[in-house]
Amino acid sequence: MGVNSNNKYVNIMEKMVAEEVTRQIAVLPKKLAKYIKQTDVETYALNRLPPLYASSKEGWNFQTKKAEEDYEEKIAVAVRHALAAIQRDLLKSSTPIFKDEHQKASSSKSEAEKSQPNTWRHGRYYRLGSANKYGSDWSGIYRV
């Protein structure tokens, strides 16, 4: 099943989406495919599809069959949309949640980037369209 032994249940949709992402990335030009982060594509697509959880082998089989019958085309479309969205911003940086992915990403940082701490400076955030630094509405705060 390929299930993490710590979990008592699994989302079948994750497996189905991962397989579809692998299929669709395989047909992309190699020069483009090397810049695609499979995890980003998977999460984008999964956020647009319903979960299909199972907690038993019977449930696994039932949900897998349901995904194949009812969601195969929706999965393919969601992955196509995810690939299009990800390709629009290929060089966007992100910090992975899991340590092993974070180590891979952080190893590519330059020494200058590593030596500068990430600090937040209160006075450098302003509300757009206002001379007032803080404004009464925090919904339009942007870093300058």
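Since the model is a prediction, treat every value here as computed from it, not as a measurement.
Side-chain atoms of Tyr44 and Arg48, non-hydrogen and from C-beta on, do get closer than 4.5 Å to each other. For the pair Gln63 and Asn11, the minimum side-chain heavy-atom distance is 4.5 Å or more. Looking at heavy atoms from C-beta onward, Gln87 lies in side-chain contact with Leu32 at the 4.5 angstrom threshold.
The nearest pair of heavy atoms linking Met13 to Pro50 is CE-O, 3.2 Å. Taking every heavy atom of both residues into account, Ala54 and Gly59 meet most closely at CB-C, 3.4 Å. Contact detail for Ile75 and Ala67: the closest heavy-atom pair is CD1-O, 4.5 Å.
Residue Val21 is tested with Val79, Asp40, Ile36, Leu46 for a side chain to side chain contact (heavy atoms under 4.5 Å, CB included); the sole match is Val79.
For the atom pair CD1 of Ile12 and NZ of Lys65, the computed distance is 14.5 Å after rounding to the nearest 0.5 Å. If you take CD on Gln38 and OG1 on Thr43, they are separated by 11.0 Å, rounding to the nearest 0.5 Å. Taken to the nearest 0.5 Å, the CG atom of Asn61 stands 9.5 Å off from the NZ atom of Lys57.
Taking hydrophobic clusters as Ile, Leu, Val, Met, Phe, Trp and Tyr residues chained together by side-chain heavy-atom distances below 4.5 Å, Val77 does not share a cluster with Leu49.
Counting only distance, with no hydrogens or angles, the side chain of Glu20 and the backbone of Ala76 share no donor-acceptor pair below 3.5 Å.
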Go through it in stages, so that I can follow the logic: the residues are Lys15 and Thr64, the test is side chain to side chain contact (heavy atoms under 4.5 Å, CB included), and I'd like the CA-CA distance, side-chain angles, deciding distance and then a yes or no. CA-CA 9 Å; Lys15 171 188 164 282; Thr64 299; 4.3 Å; yes
Check the pair Leu83, Ile25 against side chain to side chain contact (heavy atoms under 4.5 Å, CB included), reporting the backbone distance first and the verdict last. CA-CA 8 Å; Leu83 281 167; Ile25 287 178; 4.1 Å; yes
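In Glu19, the CD atom is crowded: over 12 heavy atoms of neighbouring residues, nucleotides or ligands sit closer than 6.0 Å.
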